[in-house]
Number of protein chains: 2
Amino acid sequence: MKISELAKKVGISAHTLRYYEKAGLLSPSQRNQNNYREYTQEDVATTKFILACKESGFSLAETSALLAIKDNKDQHACAEAKLITRNKIEEISQQISQLKNMQTTLIDLEKYCCGGPESAEFCTIISTLEGDS
Amino acid sequence: MKISELAKKVGISAHTLRYYEKAGLLSPSQRNQNNYREYTQEDVATTKFILACKESGFSLAETSALLAIKDNKDQHACAEAKLITRNKIEEISQQISQLKNMQTTLIDLEKYCCGGPESAEFCTIISTLEGDS
DNA sequence: CTTGACCTTCGAGCATACTCTAAGGTTTAT
DNA sequence: ATAAACCTTAGAGTATGCTCGAAGGTCAAG
Ligand SMILES: [Zn+2]
Ligand SMILES: [Zn+2]
Ligand SMILES: [Zn+2]
Ligand SMILES: [Zn+2]
């Protein structure tokens, strides 16, 4: 199938598919006589794999590593896949806790501000940010 | 004081200070006769305000809006500061729940994988990503 | 008088994952 | 024959917040 057919089938743009190819994630098995990309069912599966990785939060680089395992399973160990996944879990945990800290700070900031239409002269949000602790 | 003194005092680089200036966040009150930036105590306070905003998770654009309130309190209402803060809280909540979804997906992915040194032929991480559900 | 440590501006580079355009070639239908 | 609807490539643009470098001016010490 041609690129836009694949694009439609998996729900992303042809542009993005070409981008993934440039990033080394997905190369169609062949080109036809006009140099058009020709995708197979296996390419569809690969594309879906890429999208599943994306759904799970993996970057394109990590996805690339997972694809290498998928495409050559007997040359890779379970340990590799697990390590990538664990690292990602750790990374996301850190992001979550950082965001939670911000959330806490923001909620503290917001809760004493009256939010009314009067002058911000005594606004607790502003004065807290000013360091009037 | 000159730029590197301020930089040192607040713990960021002179480059970043100039960047903040270009972004409209912080302009030194004056230049000296050599065109060197001259910062005052008020500029120090402004810089600290910017860093407090950053700590809380505000973008430079949001920080800019908060600075405008701080610098002209009687022309602004509490409502403005509160709205900015609330929007940020909402935005961060969404980011957190998105990350939590990924986290859940990743943990499910990881938990059945043995993580051993054998071939990834039956790796549950890979097969789940392949869609063998 | 030269060395080193400052300062200035402008502009490029980084990271990520696209997104789109331009210029050109091909296919298909009417 | 021609227009619509595809396809190709290379490269620029988007967003954010820095980060760095180049080229040049200034200043103080020895
Ligand atoms: Zn109020
Ligand atoms: Zn308030
Ligand atoms: Zn295993
Ligand atoms: Zn496994």
Side-chain angles (χ1 to χ4, degrees), chain A residues 1-39 43 47 49-67 84 87-88 91-92 94-95 98-99 102, chain B residues 1-39 43 47 49-67 84 87-88 91-92 94-95 98-99 102:
Chain A
M1 78 195 66
K2 279 182 281 185
I3 196 165
S4 60
E5 196 182 342
L6 172 59
K8 199 169 173 185
K9 184 166 275 180
V10 299
I12 62 180
S13 76
H15 275 305
T16 301
L17 285 169
R18 289 192 202 98
Y19 174 73
Y20 286 164
E21 182 172 338
K22 199 154 47 172
L25 296 185
L26 170 72
S27 292
S29 324
Q30 323 197 22
R31 296 291 181 112
N32 74 9
Q33 80 277 19
N34 307 310
N35 197 33
Y36 287 11
R37 290 168 178 83
E38 265 297 329
Y39 295 95
D43 295 324
T47 310
F49 185 94
I50 292 168
L51 296 177
C53 290
K54 179 180 166 156
E55 270 285 294
S56 306
F58 290 113
S59 69
L60 296 189
E62 289 153 349
T63 298
S64 181
L66 290 166
L67 269 171
I84 293 169
N87 287 345
K88 194 74 202 179
E91 187 187 322
I92 290 184
Q94 282 175 16
Q95 286 175 24
Q98 196 184 349
L99 287 173
M102 285 177 182
Chain B
M1 77 194 67
K2 279 182 282 186
I3 196 164
S4 61
E5 196 181 342
L6 172 58
K8 199 170 174 182
K9 182 165 278 183
V10 299
I12 62 180
S13 76
H15 275 304
T16 301
L17 285 169
R18 289 191 201 96
Y19 174 74
Y20 286 163
E21 183 173 336
K22 199 153 47 171
L25 296 185
L26 170 73
S27 291
S29 324
Q30 319 199 24
R31 297 289 182 113
N32 76 7
Q33 81 277 18
N34 308 309
N35 198 33
Y36 287 12
R37 289 168 179 82
E38 264 298 329
Y39 295 95
D43 294 324
T47 310
F49 184 94
I50 292 168
L51 296 177
C53 289
K54 179 181 167 154
E55 271 284 294
S56 306
F58 290 114
S59 68
L60 296 189
E62 290 154 348
T63 298
S64 182
L66 290 166
L67 268 172
I84 293 168
N87 286 343
K88 195 76 203 177
E91 187 186 323
I92 290 185
Q94 283 175 16
Q95 285 174 27
Q98 196 184 347
L99 288 173
M102 286 176 181

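Values below: every heavy atom of this structure, side chains too, minus hydrogens, waters and symmetry copies. Letters A, B, ... are given to chains in the order of the sequence lines, protein chains preceding strands, and every chain is numbered from 1.
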Salt-bridge contact A/K88-A/E91 (side-chain N to carboxylate O under 4.0 Å) = yes

Assign each of A/Q33 and A/S13 the nucleotide of DNA chain C bearing its closest heavy atom; nearer the 5' end lies the nucleotide of A/S13

Between CD1 of A/I3 and P of D/dA5 the distance, given in whole Å, is 19 Å

Whole angstrom value for the distance that separates C1' of C/dG11 from OH of B/Y19 = 14 Å

Between the base of C/dG25 and the side chain of A/Y36, is there any donor-acceptor pair under 3.5 Å?
-> yes

Look at the side chain of B/L60 and decide which nucleotide, out of C/dC20, D/dC18, C/dC18, has an atom nearest to it.
-> D/dC18

Against the side chain of B/R18, the closest entry in D/dG11, D/dC18, C/dT9 is C/dT9

Hey, does the side chain of B/N34 come within less than 4.0 Å of C/dT8's phosphate (OP1/OP2), counting only N and O?
-> no

Give a yes/no answer on whether the side chain of A/K54 brings an N or O atom under 4.0 Å of OP1 or OP2 in C/dC18.
-> yes

D/dT19 C1' sits how many Å from B/L17 CG, rounded?
-> 13 Å

Report yes if at least one side-chain N or O of B/R31 is closer than 4.0 Å to OP1 or OP2 of C/dT9; otherwise report no.
-> yes

Map B/H15 and B/A61 onto DNA chain D by nearest heavy atom, then report which one ends up closer to the 5' terminus.
-> B/A61

Give a yes/no answer on whether the side chain of B/Y20 brings an N or O atom under 4.0 Å of OP1 or OP2 in D/dC18.
-> yes

Can you tell me the distance, in whole Å, between the CG atom of B/L6 and the P atom of C/dT8?
-> 11 Å

Please determine if a side-chain N or O atom of B/R37 lies less than 4.0 Å away from the OP1 or OP2 oxygen of C/dT9.
-> yes

Closest approach of A/E21 to A/S27 (non-hydrogen atoms, all atoms of both residues) = CG-OG, 4.0 Å

Length of the line joining A/K22:NZ and C/dT16:P, which is rounded to integer Å | 16 Å

Examine distances only and state if a side-chain atom of B/T47 and a backbone atom of B/D43 form a donor-acceptor pair shorter than 3.5 Å.
-> yes

B/E38 CD - D/dT26 C1' separation (whole Å) | 14 Å

Taking every heavy atom of A/A14 against every heavy atom of A/A7, the minimum-distance pair comes out as N-CB, 3.7 Å

Residue-phosphate contact under 4.0 Å: B/S4 side-chain N/O, C/dC7 OP1/OP2 | yes

Separation of C/dC6 atom C1' from B/M1 atom CE, nearest Å, is 16 Å

Please report the shortest heavy-atom distance between A/I50 and A/L26, naming the atom on each side.
-> CD1-CB, 4.0 Å

Whole Å only: how far is the CG atom of A/N32 from the C1' atom of D/dC7?
-> 9 Å

